[in-house]
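Heads up: the structure comes next, in structure tokens.
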Amino acid sequence: CYFPFFTAAQAGIDAIMTGHLLFPALSPHIATFCPYFIRHLLREIAGYNGVVMSDCLEMKAVREHFSPADMVKNAMDAGIDMMIASHSPDFQAELLDALYSQVKNGAIPEKRIDESLERILKLKEKYPPLPTTPPEGAKKTVRIHRAAEKKIADRSITVLRNRKEIIPINPGARTLIIEWGKVQATMPLSSATKVSYLARVAGQFLEHVDIEILDLPLSVNAEQGSPVSYIPETLKNKLKNYEQIIAALYSRSPNIEQ
């Protein structure tokens, strides 16, 4: 799991977020509080000098096991530049108070704060803040976006259960289900390519159902640059024999297919 971070670090990515994962074989500390991961592997080995931020410190993996004072000390020792608290302003204030207190009593050197501050200011210079919007203007923008969101949602509703018969499916009618074969690259090699996913389930709800599994065409339309879809003539001739036709479109990632 180190390689993606190593590659991103060497490519000069602006910021990296840690996770609250534990790798007992490497360190007794979760990654967010682990100097070995951040100071050694990321800074020294990968040569990364961008901003490192924590994942949210209000997550149970941290909040239920560490006090705010311990979180601050552990994060600073590990090399975290920005401690993230995503939910509660009061908790953010607790972390800030703990940081101020530990710098004041010498538990955290002020030089350590300067080290992170330099990286953060450098990042801010690269991405200047957007123009501020007065509260009334912001509310107006939100209202416009909410209207658009509702419009999109209303047009993209997916029916999970047809209890109110919104989709007029007649269980007694002759039904044809059309499916497409799997792509070998996105399935386990042991899986058969001509197996229907819906045959067993469809038989529980439909009295007269046939399944047609089509091959995915491999040819590409030179003008459009996309796979050419087609329905074989033999299938076109069969369609008139059915009162209902269901085209089963689904993701071909193995987990979703199951």
Side-chain angles (χ1 to χ4, degrees), residues 4 8 13-20 53-63 82 84-92 127-183 185-187 195-207 209 211-214 216-217 220-221 223-231 239 242-258:
I13 193 170
D14 292 315
I16 288 180
M17 176 176 280
T18 65
H20 307 322
M53 62 182 71
S54 74
D55 203 343
C56 180
L57 296 176
E58 293 186 74
M59 291 179 174
K60 288 185 178 180
V62 178
R63 191 73 188 268
M82 296 178 66
I84 306 299
S86 310
H87 300 81
S88 167
D90 290 340
F91 182 61
Q92 293 175 10
Y127 298 99
L130 296 172
T132 55
T133 303
E136 288 306 314
K139 288 179 182 178
K140 184 178 179 181
T141 303
V142 168
R143 281 196 293 271
I144 293 172
H145 290 172
R146 282 180 177 169
E149 288 169 5
K150 187 176 187 307
K151 185 177 180 181
I152 293 168
D154 289 343
R155 291 186 177 186
S156 60
I157 294 297
T158 298
V159 178
L160 297 180
R161 297 189 180 184
N162 197 32
R163 288 172 175 168
K164 296 187 178 181
E165 298 183 352
I166 296 172
I167 299 175
I169 293 180
N170 179 0
R174 283 185 58 78
T175 305
L176 175 67
I177 294 178
I178 301 174
E179 298 182 45
W180 279 264
K182 292 191 282 187
V183 179
T186 61
M187 68 177 190
V195 173
S196 168
Y197 295 107
L198 298 181
R200 179 176 56 83
V201 177
Q204 298 174 17
F205 299 96
L206 303 171
E207 297 174 18
V209 60
I211 307 288
E212 186 83 26
I213 302 177
L214 302 182
L216 283 169
V220 173
N221 185 314
E223 294 181 1
Q224 297 179 354
S226 60
V228 177
S229 298
Y230 67 96
I231 297 179
L239 297 183
Y242 297 93
E243 300 167 71
Q244 300 173 153
I245 298 171
I246 300 172
L249 308 175
Y250 52 84
S251 166
R252 289 181 175 80
S253 96
N255 291 336
I256 296 179
E257 286 176 350
Q258 291 174 9

Nearest 0.5 Å please: distance from the [atom1] atom of [X] over to the [atom2] atom of [Y].
| X | Y | atom1 | atom2 | answer |
| --- | --- | --- | --- | --- |
| Thr18 | Met82 | OG1 | CE | 12.0 Å |
| Ile167 | Ile246 | CD1 | CD1 | 8.5 Å |
| Ile178 | Ile211 | CD1 | CD1 | 10.0 Å |
| Leu198 | Arg200 | CG | CZ | 10.0 Å |
| Gln92 | Ile84 | CD | CD1 | 9.0 Å |

Original post:
With Glu58, which residues qualify under salt bridge (charged side-chain N to carboxylate O under 4.0 Å, His left out), at least two apart?
Top reply: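 Partners of Glu58 by the salt bridge (charged side-chain N to carboxylate O under 4.0 Å, His left out) criterion, ordered by chain and then number, come out as Arg63.
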
Nearest atoms (heavy-atom pairs only) where [X] meets [Y]:
| X | Y | answer |
| --- | --- | --- |
| Glu179 | Ala199 | OE2-N, 4.4 Å |
| Ile177 | Ala202 | CD1-CB, 3.6 Å |
| Ile16 | Ile13 | CG1-CG2, 3.8 Å |
| Gln244 | Pro168 | OE1-O, 3.9 Å |

**OP:** Just grab all the salt bridge (charged side-chain N to carboxylate O under 4.0 Å, His left out) pairs involving residues 150-171, residues at least two apart or on different chains.
**Re:** Lys150-Asp154

**OP:** Under the side chain to side chain donor-acceptor pair (under 3.5 Å) rule, collect the residues that match up with Ser54, sequence neighbours excluded.
**Re:**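 Ser54 satisfies side chain to side chain donor-acceptor pair (under 3.5 Å) with no other residue.
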
Original post:
Should Ile169 and Phe205 count as side-chain neighbours, where that means a heavy-atom distance under 4.5 Å?
Top reply: no

Subject >> Student check: side-chain heavy atoms of Asp55 and Val62 closer than 4.5 Å >> reply: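 Side-chain contact under 4.5 Å: no.
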
Subject >> Glu243 side chain to Arg174 backbone, donor-acceptor under 3.5 Å >> reply: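 Flag set: sc Glu243 to bb Arg174 pair under 3.5 Å.
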
Original post:
Does any N or O in the side chain of His20 come within less than 3.5 Å of the main-chain N or O of Lys60, such that one atom is a donor and the other an acceptor?
Top reply: no

